[in-house]
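Values below: all heavy atoms of this structure, side chains included; hydrogens, waters and symmetry mates excluded. First the proteins, then the strands, lettered A, B, ... as listed; each starts at 1. Keep in mind the model is a prediction, meaning the values are calculated, not measured.
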Amino acid sequence: VGQEITPDGNPTMNRTPTLRSVTASEVPQPPTVPTQRLEDLLELVARGDEAAFERVYTRISGPVYGLVRRVLRDPAQSEEVAQEVMVNVWRSATRFDAKQGSAMAWIMTMAHRRAVDRVRSEQSAADRVRRLGGRAVDPAYDEVSETVEIQLEREAVRRCLDSLTELQRESVDLAYYGGHSYREVAELLNVPLGTVKTRMRDGLIRLRDCLGVTA
Amino acid sequence: MTTELHSLTGAYAAGALDADENDLFVAHLAGCGQCQVEVRELLETAALLGVAAAAPAPPSLRSAVLAEVARTRQMSPVVVSLSERAARGRRPLRRWTQTAVACLAVLSFGLGTYTWRLHDENSDLHSQLSAQGPYTVSTQGTDWTAQVSMSRATHQVQFVCEGLAAPANGRTYQIWLIGPNGPHSAGTFNPTKDALTTRAFTGPSDATTLALTEEPSGGSAQPTTKPFLVMRLTST
C-alpha cells in the first residue's frame with residue numbers, strides 16, 4: 001500500500017478500488033479522546049483542584065462503580081463503596097506515586113480492595129444472600145455512553161480470558177470478580193490450595209502477556 | 001518459604017489473600033525486587049479486568065461524591081516522619097533514612113490494603129473495621145521492611161521486621177514506644193539479615209510513635225542515639 005493512488009480512481013487498480021494510502025490528517029479522530037493523562041489530572045487533584053477531580057470522576061466512575069458492583073452485586077451497597085473509593089481518590093491523590101504504577105491501576109486496586117474488604121466484613125454469607133433477594137431492580141443509570149477505550153479494553157480482556165485454561169480462568173474469575181480468597185476458591189473448585197495459587201498466578205501472567213502489560 | 005511466598009503474587013494481585021497472609025506477603029515483597037516487578041505487572045493486569053467490568057454509575061453517585069469532596073480535607077503528602085538526618089554518615093543507617101522517607105508513598109500503590117487502613121483512620125467505616133482488628137503501619141526500603149500492629153483495645157503491639165542489617169559489634173537495636181511521657185523501652189533485638197524478627201509487647205496506651213535506635217549491647221534506659229527509624233502510630 002506504499003503507492004499513492006488518487007481517490008478518483010486508477011484504472012490499473014480496479015480490483016482493489018478501496019485501498020489507498022492516507023495521510024494522518026485524513027484519519028478520522030474518535031469524537032471523545034481524553035487528552036489529559038489520568039496521572040497528570042491526579043497531580044492537579046493533589047493540589048486541591050476540584051475541577052480536575054470532576055474530570056477524573058468522569059473518567060473513572062464507570063470502571064470503579066462497575067468493578068465494585070461486579071464484586072458486591074448489591075447496587076445500593078456498591079454505590080456506597082464506590083463513593084468511598086472516589087472520595088479516597090480525592091483525599092489520597094497527594095500520595096499517588098506514578099513511579100509505582102499507572103493511575104488507573106492505583107485506583108482500581110483501591111476499588112477492588114475496598115469491595116473485597118466489604119465482602120469479607122459481611123456478617124455471614126446468608127446475610128448477603130438475603131439482602132440480594134430484596135433488591136431486584138437497578139437504579140437509573142447515567143446516560144453517559146461507554147467510551148471507546150473501555151469498549152476496546154473489554155474486548156481485549158474477553159479475548160485474553162478465552163486464552164486461559166479453564167482452571168486458570170475460573171480461579172482468576174472467582175477471586176477477582178467474585179471477591180473470594182484463594183482458600184475459598186480452592187474449596188469452590190475442589191482443588192488443592194497449591195494448585196489454585198499457581199493457577200491464579202499463571203492465569204494472570206498469561207493475561208498480562210496477552211494484554212501486553214508492562215510495569 | 002521464599003519460593004512459596006513468591007508464588008502468592010497472583011493471589012495478592014487478585015486480592016485473594018486473607019489478612020494474615022497479606023501481611024506476610026507484604027513483608028516478603030519489601031525484600032524481593034523480582035516479586036515487586038511481577039506484582040506491579042499483575043496489579044496492572046488485574047486493573048484491566050476491573051476496567052472491563054465498567055458500568056455506568058448512577059447519577060446520584062456523582063453529586064454525592066462531589067458534595068463529599070467539597071467538604072473533605074486532602075491528606076498531607078508525607079505520613080511517616082523520620083528523625084531528620086539521623087545517623088548520617090553511618091552507612092547502613094543512612095541507607096535506612098533515605099529509603100524510609102519514601103516508605104508510605106510506596107505503600108500507596110503496592111500495598112493497597114494497608115494504605116487504605118492507614119488513610120481512613122478517621123472515617124466511620126474505618127473505626128468499625130478496626131474496632132476489632134489491630135491497627136497496622138508498615139514501612140519499607142529496597143531490601144527491608146518493618147511493620148507495627150497495635151491493638152487499640154489491649155495496647156498490645158507486634159513489631160515485625162525483615163531484611164535489616166545486623167548492628168555493629170557490641171551494639172544492639174532497641175525499640176521505643178514514645179508517648180507524651182517520653183520513650184518507653186520495648187526491648188532490644190539483634191537481627192540477622194535473612195531472618196524475620198518478631199517482637200510482641202504491651203505498650204503505654206498513649207504511645208503515638210515507635211522508634212528504633214542503636215544502643216550498646218544490653219540496651220539503654222533511655223535512647224542514647226538518634227532514632228534511625230520512626231513510625232507514627234497515629235494518623236495524620
Side-chain angles (χ1 to χ4, degrees), chain A residues 48 50 53-54 57 61-63 65-67 69-70 79 82-84 86-88 90-92 94-97 100-102 104-106 108-114 116 121 139-142 144 150 153-154 157 172 175-177 180-182 185 197-198 200-201 204 207-208 211 213-215, chain B residues 7-11 13-19 21 37-62 64-66 68-70 72-77 79 102 104-110 112-113 115-116 119-120 123 125 128-129:
Chain A
E50 289 184 42
F53 178 77
E54 275 201 66
Y57 179 92
S61 60
Y65 176 76
L67 173 61
R69 194 171 148 213
R70 179 79 176 257
E79 197 173 333
Q83 181 174 339
E84 288 164 12
M86 304 297 306
V87 172
N88 204 53
W90 162 258
R91 292 184 63 220
S92 58
T94 44
R95 304 203 179 150
F96 168 69
D97 180 3
Q100 299 298 321
S102 71
M104 193 53 112
W106 181 67
M108 295 309 277
T109 302
M110 226 189 265
H112 188 257
R113 296 287 199 243
R114 190 51 137 196
V116 167
S121 69
Y141 284 145
D142 242 338
V144 182
I150 288 175
E153 213 75 87
R154 196 195 301 275
V157 166
V172 169
Y176 192 75
Y177 291 134
H180 294 291
S181 71
Y182 80 93
V185 173
K197 237 191 295 190
T198 50
M200 218 171 262
R201 175 166 177 244
L204 281 175
L207 273 179
R208 175 196 70 190
L211 291 165
V213 172
T214 50
Chain B
S7 71
L8 287 175
T9 50
L17 296 181
D18 60 38
E21 277 170 323
V37 173
E38 187 170 302
V39 159
R40 228 175 275 169
E41 289 173 347
L42 297 190
L43 282 170
E44 295 282 342
T45 305
L48 292 177
L49 286 175
V51 171
S60 50
L61 182 60
R62 185 184 192 99
V65 167
L66 296 181
E68 195 179 338
V69 156
T72 300
R73 189 179 188 281
Q74 291 180 295
M75 292 184 296
S76 50
V79 206
L104 286 192
V106 171
L107 285 180
S108 66
F109 177 71
T113 311
T115 329
W116 193 284
H119 290 173
D120 270 14
S123 77
L125 196 124
Q128 284 164 24
L129 284 176

Whether the side chain of Glu50(A) engages the backbone of Ala70(B) through a donor-acceptor N/O pair (distance < 3.5 Å, no angle test) should be reported. no
Test your reading of the model: is there a side-chain donor-acceptor pair from Thr45(B) to the backbone of Leu207(A), 3.5 Å cut-off? no
Lys/Arg N to Asp/Glu carboxylate O, Arg62(B) vs Glu54(A), below 4.0 Å: yes
Give the minimum heavy-atom separation between [X] and [Y], together with the two atoms involved.
{"X": "Met108(A)", "Y": "Val51(B)", "answer": "CE-N, 3.6 Å"}
{"X": "Arg154(A)", "Y": "Ala54(B)", "answer": "NH2-O, 3.3 Å"}
{"X": "Glu41(B)", "Y": "Arg208(A)", "answer": "OE1-NH1, 2.7 Å"}
{"X": "Leu204(A)", "Y": "Ala13(B)", "answer": "CD1-CB, 4.1 Å"}
{"X": "Arg113(A)", "Y": "Gly15(B)", "answer": "NH1-CA, 2.9 Å"}
{"X": "Ser7(B)", "Y": "Lys197(A)", "answer": "OG-CD, 3.6 Å"}

Engaged part of [X] at the chain B interface, taking heavy atoms whose separation is under 4.5 Å:
{"X": "Gln83(A)", "result": "both"}
{"X": "Phe53(A)", "result": "side chain"}
{"X": "Leu211(A)", "result": "side chain"}
{"X": "Val185(A)", "result": "neither"}
{"X": "Arg70(A)", "result": "side chain"}

To the nearest 0.5 Å, what is the distance between [atom1] on [X] and [atom2] on [Y]?
{"X": "Asn88(A)", "Y": "Met75(B)", "atom1": "CG", "atom2": "CE", "answer": "5.5 Å"}
{"X": "Arg95(A)", "Y": "Gln74(B)", "atom1": "CZ", "atom2": "CD", "answer": "11.0 Å"}
{"X": "Tyr182(A)", "Y": "Asp18(B)", "atom1": "OH", "atom2": "CG", "answer": "7.0 Å"}
{"X": "His112(A)", "Y": "Leu49(B)", "atom1": "NE2", "atom2": "CG", "answer": "9.0 Å"}

Are Tyr57(A) and Leu61(B) close enough that some pair of their side-chain heavy atoms sits under 4.5 Å apart? yes
Side chain, backbone, both or neither: which part of Leu66(B) has a non-hydrogen atom closer than 4.5 Å to chain A? side chain
Please determine, among Met200(A), Met104(A), Met86(A), the option with the most heavy-atom pairs under 4.5 Å with chain B. Met200(A)
Could you have a look at Val69(B), Leu42(B), Thr72(B) and say which one has the most heavy-atom pairs with chain A under 4.5 angstrom? Val69(B)
